Structures are given as C-alpha cells and as structure tokens.
There are 4 protein chains.
Amino acid sequence: MRPAPGRRRQILDTAARVFAAQGYDATTVRQIADAAGLLAGSLYYHFDSKESMLDEILSGFLDSLWTRYDTVLAAGLRPRESLAALVTASFREIDRHRAAVAIYQKESRHLTDQPRFGYLADAQRGFERAWLRTLESGVASGDFRTDLDVRLTYRFVRDTVWVAASWYRPGGQHSPEEIARQYLSMVLEGVALRDSHRTHDPHD
Amino acid sequence: MRPAPGRRRQILDTAARVFAAQGYDATTVRQIADAAGLLAGSLYYHFDSKESMLDEILSGFLDSLWTRYDTVLAAGLRPRESLAALVTASFREIDRHRAAVAIYQKESRHLTDQPRFGYLADAQRGFERAWLRTLESGVASGDFRTDLDVRLTYRFVRDTVWVAASWYRPGGQHSPEEIARQYLSMVLEGVALRDSHRTHDPHD
Amino acid sequence: MRPAPGRRRQILDTAARVFAAQGYDATTVRQIADAAGLLAGSLYYHFDSKESMLDEILSGFLDSLWTRYDTVLAAGLRPRESLAALVTASFREIDRHRAAVAIYQKESRHLTDQPRFGYLADAQRGFERAWLRTLESGVASGDFRTDLDVRLTYRFVRDTVWVAASWYRPGGQHSPEEIARQYLSMVLEGVALRDSHRTHDPHD
Amino acid sequence: MRPAPGRRRQILDTAARVFAAQGYDATTVRQIADAAGLLAGSLYYHFDSKESMLDEILSGFLDSLWTRYDTVLAAGLRPRESLAALVTASFREIDRHRAAVAIYQKESRHLTDQPRFGYLADAQRGFERAWLRTLESGVASGDFRTDLDVRLTYRFVRDTVWVAASWYRPGGQHSPEEIARQYLSMVLEGVALRDSHRTHDPHD
DNA sequence: TATGAATGAGAGTTCATTCAT
DNA sequence: GATGAATGAACTCTCATTCAT
C-alpha cells in the first residue's frame, strides 16, 4: 500500500551515480534500470523522462546548497569568516551530493539554454552575487588584497572549490572540514612559504 | 584555390568547437558537418569516425602541451620559477587550444578506460609526476610551505589552472601571460591581505 | 493470446525466407521487419544484429542436420544403405529447412573466414569425412566403382544433392523421399539405359 | 591515343574475381578499384555503373557459352554424343570463365526479375530447351532410361555440371576434359559397381 | 585517364518512450 | 509496480556516383 518513497530515491541515487560516471548523454535509461534492478520501461512508472531525473537531481542539489548558503549569508559574518563558511559548506555538499555536483559541473553549461533548466542560470547568478559581495566587502574591510582583479579572484575561488568534486571520494582519508581548512589556507595564505608560516599555524 | 590541405584542419577545429560547446556525446556528426559546410557523409572522406576526430583533437593538444612542458622541465629552473613556467605554459596552451582543453576536461575521465585513449592515462601520470616533483623540490628548498598535504596542493594547483579553460575566451581583455601572473600571485601568495601587499607588489 | 514465445521463431523464419530469396547482403533489416510485421528497430528487441539472425538460422540448420547424420552414421549400415540414408536425410532437411539450405549454399563460402562462423568450416570438414568414409568403404566392399576419383565422386554426390534446394519447393508434386529415391537411382545406376533397366526396376 | 582496350578488360576481370569471391552486393566499387590499382571514382571513366560491370561480365560469359552450345546443337549428333559434347563444352567454359560462372550461379536467380537482366531468363529457357530436347530424343532412341522423371533428370544433369564451378580451380590437377569425362561417366553409368565395370573401362 | 572531394540516399543500429497485461 | 514488446526518430556510418581539375 505504501507508494514506496524509498524506491524513488534509490533509483534517483543510482541514476546520479551513473550520470556522474558516464555523462548524461552517454548514459542510457537501460543502464540506469540495470543498475537499479528493474527494466527500462519500468522507470517510467516513477519518472516521466530521463530528463526529469536529471532535473530532479540537479534541482535537489541546488536547493540543498542554497539552504546552506542562505544561512551563511544571513549570519552577517565578517568577510573572512563568511568566505570560510561558504567554502566549508561547499565541501560538505560535495561530500553529501558528490554525484550531483559532478553532473552539475559537467552538464550545467549547455543545459542553461533550455527553459526547463533556467534555474541553473539563476543559481549561477546567485553564486556570483554571493561570492562577489563577500570578496568586495573583504577588500573594503582590508581583509583581502586590493591588487587583484576581483572577477578573476571570484572565478579562482569558485573553481578552486568545485573542481575538488572531480576527485573527492567520500569516506576517504580527508573529511570535508579538513579539506576545506587546507583549501582555505591555500586560497587565503598562498602556497609559498613566508614568515608567518615559520612561526605559527596560520589557520586556527 | 589550393584544393585544401587545410580542409582537414578546418573541419577538425570546427569539430573541436562543437564538442567543447555541447559535449562529445551530445554532438552529432551532422552538427559538425553543418558547421563545417559539408554533408555528414562527407566527413568520412577525411576521418574514419567521429571518435577518430576526438582522438586527433585530444592527442594533438597533448602533444603540443608536452612539448612545452618538457622544455620547461628540462631547463633546470628553481622550484618557484619552474612552477611559474608550467603555469604560464598551461595558460598559453589554453589560449591556443581552448576547445581541446575543454573537451579534455569534460571527457577524459571516462575515456581513459578505452584502449584507444590509453595515452590520456599516460598523460595524467606524466602531469602528476611533473607537478609533484616540482612541488616537492620546492618544499625541500624552502620555497613552499611544509604544512600542506602535497597531494592536495598538487590537485589544487593543477585544477585551479585548467578549469580556467571553461571560462577563458581568447582575445578578451586578459592575455594568457597576464592571467598566469595573477593566478600565480593568488596561488603563491594567497588572497588574504598581508604586510608585504601593503608595501610593494610581490610579483613581476 | 500467449505473448509469443513463437514470435522469435516467426521472425527468424521470415528472415530466412527473405535472405534466401534476395541474398543476405542484398536484404535490408527493414525488409525483414516489413515482412514480419514490425518496425526495423523492433527487430533489435529480439536479436542482437542482422548477423546474429543469420548465425542462428545457419547454426540451427546445421545442428538439425548433424543430429540426423550422426544417427545414420552410428547405425553401422552397409555402404550402399548408408549412402542412401544420408541422401534421404539430406532431402528431408532440404524439405524442412529450405531457406536455411539455400542461404547456406549461397553464403557459406565467404562466411567461413569470419571467426563467428567458424562452425561452418567445421561442418564442411565433417561432411567431407562422413561422405568420404562412406564412399571409401563402399569401394572397398565392392559396392562402388573403383575407376572413379573418389574426391571427385564425393563432390559430385554432395553437390548433386544440395543444389536441389535451389529449385525444390516443399508441398510440390514430389515428396522428399520420392526425390531421394530418383536421385539415388541416378547417382548409383546412371542415366544411360542398360540391360537391367529393361527387365526390372533396379530400385524397389 | 589508344583508348587502352586492355585496361577495360583488366578491370572487368578484376571485378569478376572480386564479385565471385565476395558476392556482388557485398563487393564495393572501392574494393574493385583497389584491386585494379585506381581510385573508385576513376572506374566511372570506364564503366557507367557497378551494375553495368556485372552486366558485361554475365552477358559476355553467356554469349561465349551459347556460341559453343549452338555449334554442338547444330552438329546433329546422336543423343549420347550430344550430351557428352554439351557437358564438355560446359566444363571448358567453367575453365575459361570461372569467376563469371560463379557469379552467374550465385546472383542469377534474383537478377532475372530486373528488366536489364532479362537475358538471364532467356538463357535459362534456352538451357532448358536444349537439355530437354537432348534428353528426350535420347529416351526416344533408347539411349537413356525411361523410368526417370525427365524434368528431374534435366535438373540433375544441369546442376551436376554447373556446381563444379564452385570448387573447380583452373590449372589444378584435372583438365576440363578429364573432369567432363569422369562426370559423364558418373551421370551416364552411375556410381555403383556393375558387371560392365569389371570387364572394361566404360569410358573410352 | 585519373584524382580528390563531395553528394545524397539509405544502411544497420540505438534508444527514450509507450502501453497492454 | 513491473514486464515484454513495440514504436519512431535519430544516430553513425557506408557507398555508388558525380565532377571540376
């Protein structure tokens, strides 16, 4: 009698894993069905198209991500702390939705044109606004360097975080928080040795 | 009026552009043919298959890239200079082979399994060796920080450079050298403001 | 109303008929589909490929044929009876698998090179062994003539039987047994009139 | 200045060889061109289509064959000698036009429908008339057996000769005349041993 | 005579999707 | 909820043929 809410989720997770591994276009619904243990046709009882699976995967991930981002942005933290919180939140989402993140990175660019995926462009604009605001207020407050192109810096920070999804394996030796800390250290303090590194650990 | 030794190249460049924009699997040979100004079937006069176009695009790019990397690695530079030279060479290649780089990033992961694209895995191992060696000798020489996970740093530097291909547009306001300089500054010195930034420009 | 375990068979029989009539290469899967009453693409729900249909047709025929031949060869008949039994069995198979036999004759020569159809060469060798053994023991026993090249005779008997598939129509005026009897009479006794033919029918 | 009459012939012979080996439909004009040492497009300087090559091969063979048959039929031989002469003429043609004969046997059945190849049906009817007349006059003269179905006997004799083309290799150990003699002996006298075989060789 | 490049029709095959059971 | 069979559009690729050079 239960409509089996778990089955849907399970199929969707399977689909996400396969999409992430092979690419959306290169994945056939049969492969998803095989991996989920039913026949291709049966998927259409749960979803009305392959595209709608993709849609649900991506929008689910973005919803979850924005919930976290909004919390951070609403907290009124100082620029450095805000940036740290955004990065940490991002790595936590990579940890939880690794497949979705990988799909997002591979497919989002050419999906944004389709009306159905208009929210991808919205999200993109949202990211840009959030990061830029954080960076600019950091520059204003004297937390961040002035001599860098702020758009370039924005891209640098953004990419720096998200590409980690392409190699990060949940359950590996690094926790998302640990990775976030190291990434933040590199982004903020740089890779080159300097005096401060000799005397004390630059990250708390 | 020459019967076109360049026709092959022109078709290949077109294919690369379309692959980069839409993804390899999502691109049809008709789209390539349309963009190149001939019929789909006519492509097969010049190339064996869609896959062999991809092959030629990727291997051409990697050959070119390794030629530059090898020159840098053979120069015996000090770690900081070596890293700077590798980054600059990378941005120059991104500038020259933007489409190929984008394709490489999107498709290489799932292509490495196929024997035909085995050289992708070779290249990957080569990158790893080159970057790690550079970073490790920099750590040993006191140029780079000791408190960072070197593998993590390798991935950070590597990805940080290559994702730029996803937004970089040749002919824009930044030359590859200029972008390389700013990236290097961020990677080496960090984004956060510190004393040295106040008094003088740490790069050039 | 059964969902059709017979559908596969029916499609395969249709394919065999079309292959026999037009030749394998000249037959399109669309023609097969039309004749079977479905769309071309739907054939691939039942079969892997056009080639696998051919494979199944030929191997099915050869299996059936060898079942009969083995029975005859294991019976330990005297050479004349053995030859008669092989010929009769052959005509019965022609009657039952006319299309497959026609395909076998037209296509087998150039298929034997392909690994997938290696069993065709095996069958060929098996035929040769069976017929030669029968003929040679008949020569030894004094049943068959000594003055003929035994390999030439083997080919004569073999071909003489199988080409009949090219004009034989099941359900015509001659039963396979009747045709076998007349063929055997011609092969064994010849077409020319001789004394024995004047006085009595040499074959009962 | 010579239009190179030899080149045409050479290409046509090459085409015949390839058609015979692989089947007409399975042969591409490129394969013919490769084997003849020019490019596919260049064939169309000599012939106006692939089909016209086939046409020329088959009609050339049939013209040659009928020239010989007509000579035999016009000679007013007695039935046995006439049959012997036809069989011998056939084996000589197999020897001279092996490829054409093989093509004729494989392809003629489904070509007869096409208007262009109407002469194949004519030839078929001509064969039937010639052989039947010979056999019937032999039956009437007491040379051939009465107790056999004359149409079946016709097919038997006809097939018996022509399938030899499928294995005969010119320049092998048997001359066409030798093969004709043995075939005639089998067809006329049979394979079974009888008194006459013990005392003298039935064929001169 | 031959080449190189292209055409255009059609081949085998794949695949998302539908639907009666 | 799931299956088995089918659809129909689109795909990659092949190939006979054309034609300017």
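Since we're looking at a predicted model, the values are computed, not measured. Numbers restart at 1 for each chain; the letters A, B, ... are given by sequence-line order, proteins then strands. Just the heavy atoms: all of them, side chains too, but no hydrogens, waters or symmetry mates, feed the values below.
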Please determine whether a side-chain nitrogen of the Lys or Arg among D/Arg8 and D/Glu56 lies less than 4.0 Å from a carboxylate oxygen of the Asp or Glu. yes
Non-neighbouring partners of C/Asp122 that pass side-chain hydrogen bond (donor to acceptor under 3.5 Å, both in side chains), sequence neighbours left out: C/Arg125
CZ of A/Arg8 versus C1' of F/dA2: gap in Å, rounded? 16 Å
So, B/Asp13 and B/Arg17, do they make that salt bridge, N to O below 4.0 Å? no
Given the rule that a pair is Watson-Crick or G-U wobble with both distances under 3.5 Å, how would you write DNA chain E in dot-bracket, using | for pairs to a different strand? .||||||||||||||||||||
Any sub-3.5 Å donor-acceptor pair from A/Lys106's side-chain atoms to A/Val101's backbone N or O? no
For C/Arg96, the side-chain hydrogen bond (donor to acceptor under 3.5 Å, both in side chains) test, sequence neighbours excluded, returns none
Treating primed atoms plus P, OP1 and OP2 as sugar-phosphate and everything else as base, which nucleotides of nucleotides 6-13 of chain E get B, S or - for protein heavy atoms under 4.0 Å? SBB-BSBB
B/Arg30/B/Asp34 ion pair, N-O < 4.0 Å: no
With sequence neighbours excluded, tell me which residues meet side-chain hydrogen bond (donor to acceptor under 3.5 Å, both in side chains) with B/Arg116. B/Glu51, B/Asp55
Between F/dA2 (C1') and A/Phe47 (CZ): distance, integer Å: 15 Å
Results of side-chain hydrogen bond (donor to acceptor under 3.5 Å, both in side chains) for D/Ser64 - residues two or more places apart only: D/Glu93
Atom pair distance, as rounded to whole Å: CG in A/Asp34 and P in F/dG4: 12 Å
